[in-house]
Protein chains: 2
Amino acid sequence: MKPDRAERSADAIRELIVTGRLTPGQRLSEQSVSESLDVSRNTLREAFRILVHEGLLVRRPNAGVAVATPTLADIVDIYRVRRLIEVPVLAAGDPAHPGARAMRDAVDAALAARLGGDWRDIAAANMRFHSGIVALAGSPRLDRVHANLSAELRLSFGLLGENGAFFDGFVDRNAGLLRRFLAGDADGAAADLDRYLEDSERMLQAIVDDAGAGDAADTVSQ
Amino acid sequence: MKPDRAERSADAIRELIVTGRLTPGQRLSEQSVSESLDVSRNTLREAFRILVHEGLLVRRPNAGVAVATPTLADIVDIYRVRRLIEVPVLAAGDPAHPGARAMRDAVDAALAARLGGDWRDIAAANMRFHSGIVALAGSPRLDRVHANLSAELRLSFGLLGENGAFFDGFVDRNAGLLRRFLAGDADGAAADLDRYLEDSERMLQAIVDDAGAGDAADTVSQ
DNA sequence: CGATCCTGACTGTTGAACAATCCGGGCTCC
DNA sequence: GGAGCCCGGATTGTTCAACAGTCAGGATCG
């Protein structure tokens, strides 16, 4: 109910990162961040440890930490792992599991958000949809891994700028996929999901490809 | 080449945990550990953060950290994730990938270790074998996740005591699986692996089951 | 104009301090 | 004698101040 200060600081910074208020490559000074979060430098360093371990921050020896800048290879990797996890989980999923409920709610939220017009809301709902898929497995470790991948991916989305219209087309696919799954055709839904992730990856690659042309930044891994 | 002190401390403690010199449930005092590792308390706390994040330590509010005590549910979960990852990776693996070389080396080491007689060596070689499988995917994230699972699993092995003979039977299965994979029958090898993991899980469950009877300890997850 | 040196800022790490909290032991009271 | 209470010591959570090492960038000098 009341996590320690380091963890709360990590949560706060993570939120800043995935919402794009901290941009990839940006350096985080221990002094200024600790002041703005009102924690001591030591405590903040514990928070940094967590985020570095999650891959959202990179540590550069004697130069502190900076927001990770995902490369194309990272995005490909994230999607590969997501497919590896989500597809078989969905195929073996039970429509009666609470995760299915989460998927349903997420689809509704996405449909509502599309009317609202803010693509960030759509993206968030989309993420919840996929979290719901993973939840079907009922595995705490899988949930953790997937949550981490989501965070990294949302960080990548920061590179999208206003290309967010990106998501609109996927809302309906989510809805169709869900309908199929709830109807008992888990394998068909899983096949849909496989194509879905393939397409998503291709589109993201294309966008990042020409957005970051000539930007041979550091990798986010390690 | 020269990680910072917190990370090195984390490595040292992790080693103590997975080699069983620190037993599940054991509490780690900040003062004594910091003295024995010759680092300051603040630095040690950063190391603790890492290990808590990895699930090897649990933090209890105002009572510091203790070595996690995996429950049956944890072991089941670990194996479920391992199967989910390793089986499809092996099925899609390329025998020419460096990971295959690692698998080969691991099998050789396991065979040698069986002659040596120390089951810990066998266990270590076995782990390397499975790391090799995951390496076939060429995914840094998957490697990290799997390394983490391995560490948690080795922690569980601590509960095995001298039941380590456990592994002997699997050495030959590894060898057979590898032969099949190298011969080009990736699907057959993957099927072998699937059964292998199923059997391993069952055996581990049985052992932990009657070893820890009446020990309703905390879960390792969160 | 270029190389060098210097200075300032920041990180990495430590030690000390202090409130808050928990645990065990002794004490009281029944 | 046993149950419950209280207190003191030990430990955690957190902060602050200090200092060496290192890096970046500007000032200086040739």
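Every chain is numbered from 1, with letters handed out A, B, ... down the list of sequences.
In this structure, B:Asn174 contributes its side chain and B:Asn126 its backbone to no donor-acceptor pair below 3.5 Å.
For residues 92-102 of chain A, the set of pairs meeting the side chain to side chain donor-acceptor pair (under 3.5 Å) definition, not counting sequence neighbours, comprises A:Arg101-A:Asp105. The ring-ring contact (aromatic ring centres under 6.0 Å, His included) analysis of residues 18-44 of chain A, with sequence neighbours excluded, yields no pairs.
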Practice item. List the protein contact pattern of nucleotides 6-14 of chain D with one symbol per nucleotide (5' to 3'): B for base contact, S for sugar-phosphate-only contact, - for none; contact means a heavy-atom distance under 4.0 Å. Key: -----SBBB
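By the side chain to side chain donor-acceptor pair (under 3.5 Å) test, B:Ser150 is found to be paired with no residue, residues two or more places apart in sequence or in another chain being considered. With sequence neighbours excluded, no residue forms a salt bridge (Lys or Arg N to Asp or Glu O under 4.0 Å) with B:Arg5. Looking at residues two or more places apart in sequence or on another chain, you find no salt bridge (Lys or Arg N to Asp or Glu O under 4.0 Å) involving A:Asp108. Among residues two or more places apart in sequence or in another chain, the side-chain contact (heavy atoms from CB on, under 4.5 Å) test is passed with A:Leu37 by A:Ser9, A:Ala12, A:Ile13, A:Val33, A:Val39, A:Leu44. Residues satisfying the salt bridge (Lys or Arg N to Asp or Glu O under 4.0 Å) test with B:Asp143, not counting sequence neighbours, are none. For the salt bridge (Lys or Arg N to Asp or Glu O under 4.0 Å) test, residues two or more places apart in sequence or in another chain that qualify with A:Arg41 are A:Glu30. Partners of B:Ser29 under the side-chain contact (heavy atoms from CB on, under 4.5 Å) rule, at least two apart in sequence or in another chain, are B:Gln31, B:Ser32.
The C1' atoms of five pairs define one axis at each end of the helix from C:dC1-D:dG30 to C:dC30-D:dG1, and these two axes lie 10° apart (to 10°).
Nucleotides of DNA chain C with any atom under 4.0 Å from a heavy atom of chain B span, from 5' to 3', C:dT13 to C:dC22.
Atom CG of A:Asp38 is separated from atom P of D:dT15 by 8 Å (rounded to the nearest Å). Going from atom CG of A:Leu37 over to atom C1' of D:dT15 covers 15 Å, rounded to whole Å.
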